[in-house]
Amino acid sequence: MSTVKGRLRIAVQKSGRLSERSLDLVRDAGLRVVKGTNDLLYRIENAPIDLLRVRDDDIPTFVADGVCDLGIVGENVLEEGRNGGPNAEVVMPLGFGRCTLKIAVPPTLDYAGPASLQGRRVATSYPRVLKRWLADQGVTAEVVTMRGAVEVAPRLKLAHAICDLVSTGATLEANGLQARETVLDSQAVLIRSPVAPEPELADLLNSIVERMAGVVASQGAKYVMLNAPRANLDRITALLPGAGAPTVMPLSGREDAVAVHAVCQEAVFWETLEKLKAEGASAILVLPIEKMM
Ligand code: PRT
Ligand code: ZN
């Protein structure tokens, strides 16, 4: 596959856990996605960009080789793809697709730390990441590579332990396995090719990256407006989570109170509102933020 002249390419997972959220991010960055005749390629209607829809395992290589300019993939897949060749650069974490690569063992294995894996067999779909971790721990174990259904390996006596992705932990529990070590914390990341795009496309590429950064930054962020008694202003602004310098404005006809507007970078919970009220804040409004730059 080679690059198409005059068009940028973004690699996204075709179908799987990251597909929906990846498309949402592309759309939220203002790109209008139209399905092509070909399932592999979606076109962007309002910019010279194509979305290449592939298996997630292929995304790091496509981006590293410059076949795609950007890609959205799990850190776990990116780390597994590292092979000493050219690498895609991580632009930023995207806040979705969170999971943890963990070592899990059946209760029959007496586990007292990584040394308990010495000389044992460990099944995984992430052999490279696991081998690096075992080496860091100074443990020699046999790594059994499985494409899927890793969690059944101990029951089938294929392995003594597993190293697999966990999100809720339900799969481990259903298979009677206990998580013992964290090998890697992962989430979806935006990656960028080390190969520069055609010069005419460089500005477009940077603007897409910037817009995506804006979308990610505004996720979970809220705009908070409230009225505060002057006397408690410091205590009230201290309660606003992740707010930089809030805007403080006079309220007409009221000497004792001011209006406070703030962008809160973190979630605003009911508990926070209750504490604000207890400090005398009133007319509290919490609004979603659509875009931020
Ligand atoms: O077809 P393609 O190769 O593109 O997809 P895939 O089957 O390789 O991957 P997919 O779609 O299952 O996952 C894509 C990415 O989502 C992964 O690479 C991770 O970055 C991320 N992700 C987040 C997860 C999970 N959460 C997750 N829970 N990927 C897999 N799982 C599996 C895990 O392997 C285990 O079997 O879910 C099970 C455990 O889930 P819990 O909730 O029971 O703990
Ligand atoms: Zn995959």
Side-chain angles (χ1 to χ4, degrees), residues 1 9-26 35 38-42 50-65 67-68 70-83 87-107 122-130 132-133 143-156 158-159 161-192 212 216 219:
M1 211 173 304
R9 273 186 169 178
I10 306 176
V12 294
Q13 190 188 24
K14 183 175 177 188
S15 79
R17 290 170 196 261
L18 304 183
S19 319
E20 229 12 82
R21 296 289 302 267
S22 302
L23 272 186
D24 287 345
L25 176 61
V26 167
K35 298 185 180 173
N38 168 349
D39 217 24
L40 180 72
L41 213 69
Y42 280 2
D50 291 325
L51 291 189
L52 197 65
R53 303 172 67 244
V54 292
R55 291 204 55 176
D56 63 351
D57 315 73
D58 294 331
I59 294 175
T61 320
F62 282 173
V63 176
D65 293 348
V67 171
C68 292
L70 294 172
I72 298 170
V73 71
E75 285 174 297
N76 52 308
V77 172
L78 188 65
E79 286 303 318
E80 185 59 25
R82 290 195 193 284
N83 58 7
N87 281 324
E89 297 161 24
V90 175
V91 182
M92 62 191 161
L94 298 173
F96 62 88
R98 284 180 202 275
C99 54
T100 310
L101 192 60
K102 290 192 176 200
I103 301 283
V105 304
V122 187
T124 190
S125 305
Y126 295 89
R128 285 202 192 120
V129 176
L130 174 58
R132 285 199 292 260
W133 182 82
V143 173
V144 181
T145 304
M146 294 175 68
R147 296 294 298 259
V150 173
E151 64 278 0
V152 301
R155 228 184 314 138
L156 299 180
L158 294 170
I162 68 165
C163 170
D164 198 11
L165 293 178
V166 179
S167 52
T168 62
T171 305
L172 290 187
E173 202 184 307
N175 289 278
L177 300 170
Q178 290 153 357
R180 294 303 195 141
E181 308 281 349
T182 291
V183 173
L184 180 78
D185 278 312
S186 178
Q187 61 177 300
V189 288
L190 179 69
I191 55 174
R192 180 179 183 145
M212 286 183 174
V216 173
Q219 270 161 10

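For ligands, and for the atoms within them, numbers begin at 1 and follow the listed sequence. Any value given below was found using the heavy atoms of this structure, including those in side chains, with hydrogens, waters and symmetry copies removed.
With ligand atoms numbered from 1 in the order given, ligand 1 contributes 20 (O) to contacts under 4.0 Å with heavy atoms of Gly74. Close approach of ligand 1 to Thr168 is summarised as follows: ligand atoms under 4.0 Å from at least one heavy atom of the residue are 41 (P), 42 (O), 43 (O), 44 (O). Less than 4.0 angstrom separates some heavy atom of Arg55 from each of these atoms of ligand 1: 1 (O), 2 (P), 3 (O), 4 (O). For ligand 1, the atoms lying closer than 4.0 Å to a non-hydrogen atom of Val166 are 44 (O). In the vicinity of Gly16, heavy-atom distances shorter than 4.0 Å reach the ligand 1 atoms 11 (O). Interface of Val77 with ligand 1, defined as ligand atoms under 4.0 Å from a residue heavy atom, comprises 18 (O). The Gly169 neighbourhood of ligand 1 comprises atoms 41 (P), 42 (O), 44 (O), with distances under 4.0 Å to a heavy atom of that residue.
Atom 14 (C) of ligand 1 has as its closest protein heavy atom Asp56 OD2, 3.5 Å. Looking only at heavy atoms of the protein, atom 10 (P) of ligand 1 is closest to Gln13 NE2, 3.8 Å. From the protein, the heavy atom lying nearest to atom 28 (N) of ligand 1 is Ser167 OG, 3.0 Å.
Applying side-chain contact (heavy atoms from CB on, under 4.5 Å) to Leu190 and the options Val63, Leu94, Ile10 leaves one that passes, Leu94.
Counting heavy atoms from C-beta on, the side chains of Thr61 and Val67 never come closer than 4.5 Å. Residues Cys163 and Leu101 have side chains in contact (heavy-atom distance under 4.5 Å, counting atoms from C-beta outward). Using a 4.5 Å cut-off on side-chain heavy atoms (C-beta onward), Arg192 and Val91 make contact. With contacts defined as side-chain heavy-atom distances shorter than 4.5 Å, the pair Thr124/Val144 does not qualify. The closest side-chain heavy-atom distance from Val73 to Ile191 is below 4.5 Å.
Between Asp39 and Arg53 there is a salt bridge, since a side-chain N of the basic residue sits under 4.0 Å from a carboxylate O of the acidic one. A salt bridge is absent between Glu79 and Arg128: the closest approach of a Lys/Arg side-chain nitrogen to an acidic carboxylate oxygen does not fall below 4.0 angstrom. Salt-bridge annotation for Arg17 and Asp56: absent, with no side-chain N of the basic residue lying under 4.0 Å from a carboxylate O of the acidic one.
Under 4.0 Å from ligand 1, the heavy atoms of Cys99 that appear belong solely to its side chain. Here Leu18 has side-chain heavy atoms under 4.0 Å from ligand 1, and that is the only part of it that gets that close. With a 4.0 Å cut-off on non-hydrogen atoms, Thr171 touches ligand 1 through its backbone as well as its side chain.
Using modelled atom types, one side-chain atom of Asn38 and one backbone atom of Leu40 make a donor-acceptor pair closer than 3.5 Å. Put simply, the side chain of Ser125 gets close to the backbone of Met146: a donor and an acceptor are under 3.5 Å apart. Side-chain atoms of Glu151 do not come within 3.5 Å of backbone N or O of Thr171 as any donor-acceptor pair.
Between Arg17 and ligand 1, a contact under 3.5 Å exists for at least one N or O pair. Ligand 1 has no N or O atom lying under 3.5 Å from any N or O atom of Val54, backbone or side chain.
The nearest protein heavy atom to atom 5 (O) of ligand 1 is closer than 4.0 Å.
Restricting Asp57 to its N, O or S atoms, the one at the least distance from the Zn ion (ligand 2) is OD1. Atom OD1 is the N/O/S atom of Asp56 found closest to the Zn ion (ligand 2).
Nearest to atom 35 (C) of ligand 1 by heavy-atom distance, out of Leu165, Leu101, Val189, Leu172, is Leu165. The closest heavy-atom contact to atom 18 (O) of ligand 1, among the options Asn76, Asp164, Asp57, comes from Asn76.
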